[in-house]
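First up is the structure itself, then whatever we jot down about it.
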2 protein chains.
Amino acid sequence: MRDPHIDQSAQTIDLPCGSAGKGRTDRWPELLEAAAELFAEKGYDGTSLRDIADRLGMLKGSLYHYISGKSDLLVHVMREAHRRGLRSIAALAREEGPAIERLEAIVVAHARYVCTERVFTAGFFEARRHLPEARAVEFAADERDYRLRVEALIVRGQDEGALRTDLDPKLTALCLLGFLNSLHLWVRPNGVHSIRRICDHAVMLGLDGLRRR
Amino acid sequence: MRDPHIDQSAQTIDLPCGSAGKGRTDRWPELLEAAAELFAEKGYDGTSLRDIADRLGMLKGSLYHYISGKSDLLVHVMREAHRRGLRSIAALAREEGPAIERLEAIVVAHARYVCTERVFTAGFFEARRHLPEARAVEFAADERDYRLRVEALIVRGQDEGALRTDLDPKLTALCLLGFLNSLHLWVRPNGVHSIRRICDHAVMLGLDGLRRR
DNA sequence: CTATTTGCCAAACGATCGTTTGGCTTGAGC
DNA sequence: GCTCAAGCCAAACGATCGTTTGGCAAATAG
C-alpha cells in the first residue's frame, strides 16, 4: 500500500498527499480535518475509524488507502497542528526587541491561534496523550525549545527591568504557557466573546495582572 | 444486585459504601482511587474494566458487585472529586471581607487542591467529558454557581478600587478558573517545584501580573 | 449448628474494534 | 483500445470490549 505521508518531511508546508494529479479526488485534507475534529470532540479511543469514515461518506476499510493505521492519524494531526501555528508562534520568540514586547506578541499570537484553531489545538493535545514515547520525542524537542525561549525572554525582561524579579522564570513560563494552552478547553467557537477580547484578557491576566495600578 | 452508591446523597461526606460491617473487606475506596487514577492517565475509553480489576487483583466481572456498569464509575469519580475539594473551595467564595483578599484565598486554595489532588482533578474533567448530558447537569449547577461567585467578587473588587476596571468580569473569571483548572496538566507530583511555590506563582500570574510595578 | 449474605471466580454472551483481503469501477497515459 | 493505478466497496478476521450468569468459599446472623 502506498503511504506518501509517513516519510513526508516536516519542513515543507505542502499537503502530505503527493497529489500532482489534475482532476482526481483526493480527500486527505478532509480526512485530516475530520480526524482532528473527532479526536478533539470524542477523544482518540472514543473515535472509531467508522466514525471518521462516516464523516467522509465511505467505509472504514477504505481509509487504509490514506493511512497505515489508526495511530498513524495521531502523528498527522499533530504535524498539521504543529505546522499551522506552533512553528510561526515560536518564531516570534526568536525575533529581537524589548523582551516585554516580545512576550506580549507571543501571548497574543498564542492565544489567537489556540482560539481560532481550536479543533487542531485540542486534537494536538489529545494526540500527544496517545502517542507512543518514540513518536512523541519528535514534537517534544520543539515544545521544549519554545518553552526555553519564553523562559529566556522572562529572564531578559527581568534584566531589562520590565518584569518583577521575585518570580521563577521556568515556573512562570510553565504557568503562562499552561494557561494559554488551556484556552481551547472553555473558549467556544461562536461564543459571546470575540477572539480579540479573549486575547486582550489573556494579556491582562498573563502580563498585567488584575490588580489596579 | 446491591447498589448502595447510586442513591447516596451528595450532601454527606461518608464513603459511598454503607460499610458498617466490622472486619469485612470492602474495597470500594480502592476501586474509586484506581478508577480515577486510570481515567486520568489513560482516559475513560482507554481504560477497560480489566485494567481496573487488575489493579485490585480481581477479575473484571467481579467489579459488578460494586458498580452497575462502567459509566457508573464516572459519576462516582466526579462526586468524590467534588467532595474532596470543590465544595470547600467554593465556600471560600461565600465568606466576607475585602474582595481582593477573598480572591487571593480562592486562587491559593484552588491551586493547592488541583496540585495535591491531581488524580481526582484530572479524573473529574475526564469524567465530565464522557458524562451524558442528563448526568452532567448535576455538577454543572455547582460549577456555574462557583464561577458566578468569582465573577461577583471581581465586580466587587472593581467597586472597592482594588481591581482594574477595564476588564470584563465574566471573561476574567473564565480565564482565571481556566488557568487554575489546567494546572494539573503540567504539574508533576514529585516535580522539582513545591506546591507552595506553584501556588505563589499562580497568585502572581493570576492577580499581580508579571510586570514590575 | 444451620441459614444467609458477601466477595469473588469462571465462563460465556453479543457487539464492536482495528485490520486485512479481493475485487469492482473510474479515469489517465500511451 | 489497452494498461495500470487510484479510490472505494464488501466481507471477513481475531481480539477485546462491557455485561451477564451460575456457583463456590468464607464470614456473619440467628
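All chains are named by letter (A, B, ...) in the order of the sequence lines, taking the proteins before the strands, and each is independently numbered beginning at 1.
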Checklist line | Interatomic distance where CZ belongs to B/Arg50 and P belongs to C/dC17 [whole Å] | finding: 20 Å

Margin query: Looking only at the aromatic ring of each residue, does the gap between the centers of A/Tyr66 and A/His76 stay below 6.0 angstrom?
Written below: no

Next item on the list: Choose from C/dC9, C/dT19, D/dC8 the nucleotide whose nearest atom is closest to any side-chain atom of A/Leu49.
Entry: C/dT19

Next item on the list: Using the ring pair (Phe, Tyr, Trp, His ring centres under 6.0 Å) rule, pick out the option among B/Tyr113, B/Phe179, B/Phe125, B/Phe120 that qualifies with B/His184.
Entry: B/Phe125

Check: Quick one: does B/Asn181's side chain have a donor or acceptor within less than 3.5 Å of a partner on B/Gly178's backbone?
Finding: no

Check: Can you check the B/Leu63 CG to D/dG18 P distance for me, whole Å?
Finding: 10 Å

Check: Quick one: is D/dC8 close enough that its OP1 or OP2 comes under 4.0 Å of any side-chain N or O from A/Tyr66?
Finding: yes

Notebook entry, point to check: Rounded to whole angstroms, how far apart are NZ on A/Lys70 and P on C/dT16?
Noted result: 15 Å

Notebook entry, point to check: Tell me: OH of B/Tyr44 to P of D/dG18, nearest whole Å?
Noted result: 8 Å

Margin query: Walk me through whether B/Leu49 and B/Tyr64 qualify under side chain to side chain contact (heavy atoms under 4.5 Å, CB included).
Written below: CA-CA 10 Å; B/Leu49 290 182; B/Tyr64 282 78; 3.4 Å; yes

Margin query: Any side-chain N or O of A/Ser62 below 4.0 angstrom from OP1/OP2 of D/dG7?
Written below: no

Check: Tell me: CG of B/Leu56 to P of C/dG7, nearest whole Å?
Finding: 13 Å

Notebook entry, point to check: Just how far, in rounded Å, is P of C/dC17 from OH of A/Tyr64?
Noted result: 12 Å

Notebook entry, point to check: Which is true for A/Gly46 with a 4.0 Å heavy-atom rule: it touches a base, it touches only sugar-phosphate, or it touches nothing?
Noted result: nothing

Notebook entry, point to check: Given D/dC9, D/dC17, C/dT19, which nucleotide is nearest the side-chain atoms of B/Ser48?
Noted result: D/dC17

Next item on the list: For the side chain of B/Lys60, starting at C-beta, report the closest nucleotide among D/dG7, D/dC17, C/dT20.
Entry: D/dC17

Check: Taking CG from A/Leu73 and C1' from C/dG18, how many angstroms apart are they, rounded to a whole number?
Finding: 12 Å

Notebook entry, point to check: Would you say the side chain of A/Asp200 lies within less than 4.5 Å of the side chain of B/Leu171, judging by non-hydrogen atoms?
Noted result: no

Next item on the list: Calculate the interatomic distance between B/Asp54 atom CG and D/dT16 atom C1'; express it in whole Å.
Entry: 13 Å

Next item on the list: Give one of base, sugar-phosphate or nothing for A/Ser71, where a contact means two heavy atoms less than 4.0 Å apart.
Entry: nothing

Margin query: Heavy atoms only, 4.0 Å cut-off, all strands: where does B/Gly69 land among base, sugar-phosphate and nothing?
Written below: sugar-phosphate

